[in-house]
Amino acid sequence: MKFLPQSYSSIDENQTSVTLIPGLPNDVAALLLSFLPYSHHDRLKSTCKSWRLFFSSKILISLRFTHTNSLSHLLCFFPQDPLIASPFLFDPFSLSWCPLPPMPCNPHVYGLCNFTPISLGPYLYVIGGSLFDTRSFPIDRPSSSSSAFRFDFHSSFWEPISPMLSPRGSFACASVHDSGQILVAGGGSRHRLFAAAGSRMSSVERYDVERDEWIALDGMPSLRAGCVGFFVGNGEKREFWVMGGYGESRTISGVFPVDEYYRDAVVMELMNGRWRQIGDMWEEGERRRLGKIVVIENHHNYGQPGIFMLDGDEFFRYEMASNRWVEESRLPRKTSSNSSYGLVALNGELYVISFLKTESAEARRLRHPKKGGSMYMQIYNPKKKTWRSLATRSPFNHLLDFDTAAICTVRM
């Protein structure tokens, strides 16, 4: 794998001098231990010295990515500014939580939001965003950030990487897993404290993991922020889609700014870098804007993803052939009209995440007075057309606002 450094495939010399499991060759024992869920690794380190060395070694990462069926499918929650609040990993299989360290603190900036977390190989990236900088003027005006950080799951440390060529937040972002690259498109400087302000942009960049380098690509046909990005197809036919978002704004009575939301999508052909425009995805008056969108990779044959949108309590599926959204399903348990919810695709399923606010037996059983309530996940399998649910104690000290919190998936 191109995103896995060569150093990860070399066995630590210390590892050959200890016994992992008595009676088994270390190669066999290491392979067996590598299949244990990632969320248990920290607890297993205290078992003995040899296990502490193994679960802290580079060979563990190499084994897990060599045997991909050993990888755990995890959710990563960023409750607020990751410079001051630790993100948490959640394993839906074992219902266990694991905190990650906060990013390196910068005393000059605060209030980071609208950043994009994305995982690629043994790394977790946090890219861009909007923040306040005490060195800027006026001090109460937010600005976009070009900074990017990477968390190494082997060393458990954050490290800065090369900043983007253009600062941006609220942008489209997707990773190319088989080539170690990340694409970002559009975005702007909007901050969550100012709902209808900020700049928009059309520039596009590609990050090369091995070279730690950002490369400028041809920009989109128009300014676009608040959009989502994903890849369609494989090999020479691979395309980068950017869907939804907002462009120019208009004012009501010449005072109140209102966003003009896009009803179309734009597509870049990666072979030649050219953009083309996809027509409107719905008729005038059908809806004002897209809901939350998630993508299931390789949901169909030939590398075609499954593209789903949650609008209120209704799930819609995007049909590329007709360029329309068709109803897929409805939430079994409706969310409150004034409550936020998270939406993420994990291991071929769609997770709708909210908090239990009623005193049901399930809520009383999971109640924890020192934490931020009980998290409730409704999980939909598009292939089986079935729903299931799970509930877990939240590790956070407050209820999450899913409109500002960030969630991504991690395979580790």
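Excluded from the calculations below are hydrogen atoms, water molecules and symmetry mates; all remaining heavy atoms, backbone and side chain alike, are included.
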(request) Using atom types as modelled and distance alone, determine if a side-chain donor or acceptor of Asp91 lies under 3.5 Å from a backbone N or O of Leu74. (result) no

(request) Answer with yes or no whether the side chains of Asp212 and Ser162 bring together a donor and an acceptor at under 3.5 Å. (result) yes

(message) Rounded at 0.5 Å granularity, tell me how far CG in Leu33 sits from CG in Leu31.
(response) 9.0 Å

(request) Give a yes or no on whether the backbone of Phe54 and the side-chain of Ser57 come within a donor-acceptor separation of less than 3.5 Å. (result) yes

(message) Quick one: does any side-chain atom of Thr134 pair with a main-chain N or O of His108 as donor and acceptor, under 3.5 Å?
(response) yes

(message) Less than 6.0 angstrom separating the ring centers of Phe355 and Phe402, yes or no?
(response) yes

(message) Using modelled atom types and a 3.5 Å cut-off, is there a donor and acceptor pairing between side-chain atoms of Asp280 and backbone atoms of Trp282?
(response) no

(message) Any non-hydrogen side-chain atom of Val266 less than 4.5 Å from a side-chain atom of Ile278?
(response) no

(request) Verify whether one side chain among Ser94 and Ser39 offers a donor that lies under 3.5 Å from an acceptor in the other. (result) yes

(request) Answer yes or no: are there more than 12 heavy-atom neighbours, outside Glu248 itself, under 6.0 Å from its atom CD? (result) no

(message) With ring-ring contact (aromatic ring centres under 6.0 Å, His included) as the criterion, how do Phe115 and Phe78 come out once you've worked through the C-alpha distance, each side chain's angles and the decisive distance to 0.1 Å?
(response) CA-CA 10 Å; Phe115 56 89; Phe78 290 80; 5.6 Å; yes

(message) Tell me the closest heavy-atom pair linking Met243 and Cys227, and the distance in Å.
(response) O-CB, 3.4 Å

(message) Under a plain distance cut-off of 3.5 Å, with no hydrogens placed, do Arg168 and Ser130 share a side-chain donor-acceptor pair?
(response) no

(request) May I ask you to decide whether Glu269 forms a salt bridge with Lys237, counting only side-chain N to carboxylate O separations under 4.0 Å? (result) no

(request) Find the distance between CZ (Arg317) and CD1 (Ile296) and round it off to the nearest 0.5 Å. (result) 11.0 Å

(request) Anything under 30° is parallel, anything over 60° is perpendicular, the rest tilted; go ahead and classify Tyr380 against Trp387. (result) tilted

(message) Would Val109 and Arg135 count as a side-chain contact (heavy atoms from CB on, under 4.5 Å) here? Give the steps.
(response) CA-CA 8 Å; Val109 301; Arg135 297 164 295 186; 4.2 Å; yes

(request) Quick one: closest heavy-atom pair of Ser144 and Gly188, and the distance? (result) CB-O, 3.6 Å

(request) Indicate yes or no: does Arg190 engage Asp259 in a salt bridge with an N to O separation below 4.0 Å. (result) yes

(message) I want to check something: taking the side chain as every heavy atom from C-beta on, are Asp42 and Cys98 in contact at a cut-off of under 4.5 Å?
(response) yes

(message) Could you report the tightest heavy-atom contact between Asp264 and Met281, atom names first, then the distance?
(response) O-CE, 3.6 Å

(request) Begin from the C-alpha positions of Thr66 and Leu63 and carry the test side-chain contact (heavy atoms from CB on, under 4.5 Å) through to its verdict. (result) CA-CA 5 Å; Thr66 301; Leu63 285 172; 5.6 Å; no

(request) Taking atom CZ of Arg274 as the centre, report whether more than 12 heavy atoms of other residues, nucleotides or ligands fall under 6.0 Å from it. (result) no

(message) Consider ring pair (Phe, Tyr, Trp, His ring centres under 6.0 Å). Of Phe308, Tyr318, Phe316, which one does Trp325 pass it with?
(response) Tyr318

(request) Look at atom NZ of Lys385 and say whether more than 12 heavy atoms of other residues, nucleotides or ligands are closer to it than 6.0 Å. (result) yes

(message) Please determine whether side chain to side chain donor-acceptor pair (under 3.5 Å) holds for the pair Thr116 and Tyr125, giving the CA-CA distance in whole Å, both sets of side-chain angles, and the decisive distance to 0.1 Å.
(response) CA-CA 8 Å; Thr116 296; Tyr125 295 84; over 6 Å; no

(message) If I compare all heavy atoms of Lys45 with all of Arg52, which pair ends up nearest, and what's the gap?
(response) O-CB, 3.2 Å

(request) Any chance you could measure Trp275, atom CH2, to Leu217, atom CG, to the nearest 0.5 Å? (result) 8.5 Å

(request) Would you check if the distance from the ring center of Trp158 to the ring center of Phe149 is below 6.0 Å? (result) no

(request) Could you tell me whether a side-chain N or O of His73 sits under 3.5 Å from a main-chain N or O of Val410, the two making a donor and an acceptor? (result) no

(request) Please work out whether the ring planes of His398 and Phe396 are parallel, tilted or perpendicular, with thresholds of 30° and 60°. (result) tilted

(message) Parallel, tilted or perpendicular: which one describes the rings of Trp97 and Phe90, with boundaries at 30° and 60°?
(response) tilted

(message) Checking Leu124 against Cys76 for the side-chain contact (heavy atoms from CB on, under 4.5 Å) test, could you report, in this order, the C-alpha distance in whole Å, the side-chain angles of both residues, the deciding distance, and whether it holds?
(response) CA-CA 9 Å; Leu124 172 65; Cys76 186; 3.8 Å; yes

(request) Measure the CD-CZ distance between Glu159 and Phe157 for me, rounded to the nearest 0.5 Å. (result) 11.0 Å

(message) Assess the residue pair Phe231 and Phe240 against the criterion (ring-ring contact (aromatic ring centres under 6.0 Å, His included)); give the C-alpha distance rounded to whole Å, side-chain angles, the decisive distance to 0.1 Å, and a yes or no.
(response) CA-CA 5 Å; Phe231 288 100; Phe240 178 53; 5.3 Å; yes

(request) Answer whether the closest heavy-atom distance between the side chains of Tyr376 and Val352 falls below 4.5 Å. (result) no

(request) For the pair Leu350 and Val294, evaluate side-chain contact (heavy atoms from CB on, under 4.5 Å) and give the outcome as yes or no after the intermediate values. (result) CA-CA 8 Å; Leu350 307 176; Val294 292; 3.6 Å; yes

(message) Is there a side-chain contact between Phe77 and Leu400 in this structure, where contact means two heavy atoms from C-beta onward sitting under 4.5 Å apart?
(response) yes

(request) Would you mind reporting whether Tyr38 and Leu89 have side-chain heavy atoms less than 4.5 Å apart? (result) yes

(request) Return the minimal non-hydrogen interatomic distance between Ala265 and Trp241, and the atom names on each side. (result) CB-CE3, 4.4 Å

(request) Using the six-membered ring wherever Trp is involved, compare the ring planes of Tyr110 and Phe132 and label them parallel, tilted or perpendicular (cut-offs 30° and 60°). (result) parallel

(request) Compare all side-chain heavy atoms of Tyr351 with those of Leu75 and state whether any distance is below 4.5 angstrom. (result) yes

(request) Evaluate whether atom CZ of Arg141 has more than 12 neighbouring non-hydrogen atoms of other residues, nucleotides or ligands under 6.0 angstrom away. (result) no

(request) Please tell me if the side chains of Arg224 and Val242 come closer than 4.5 Å, counting only heavy atoms from C-beta onward. (result) yes

(message) Quick check against the 3.5 Å criterion: does Trp51 have a side-chain atom that pairs as donor or acceptor with the backbone of Leu20?
(response) yes

(request) Inspect the surroundings of CZ in Phe93 and state if more than 12 heavy atoms from other residues, nucleotides or ligands are less than 6.0 Å away. (result) no

(request) Keeping to residues at least two apart or across chains, list the salt bridge (charged side-chain N to carboxylate O under 4.0 Å, His left out) pairs with something in residues 402-412. (result) Lys292-Asp403

(message) Minimum heavy-atom separation for Pro79 and Ser86, please, with both atom names.
(response) CD-O, 3.7 Å

(request) Would you indicate whether the side-chain heavy atoms of Asp218 and Val204 approach each other to under 4.5 Å? (result) no

(message) Please report the interatomic distance CG(Leu71) to CD1(Ile61), rounded to the nearest 0.5 Å.
(response) 9.5 Å

(request) Considering only NZ, NE, NH1 and NH2 on the basic side and carboxylate oxygens on the acidic side, decide whether Glu283 and Arg263 come within less than 4.0 Å. (result) no

(message) Quick check for you: to the nearest 0.5 Å, what is the distance between Arg200 atom CZ and Met220 atom CE?
(response) 12.5 Å

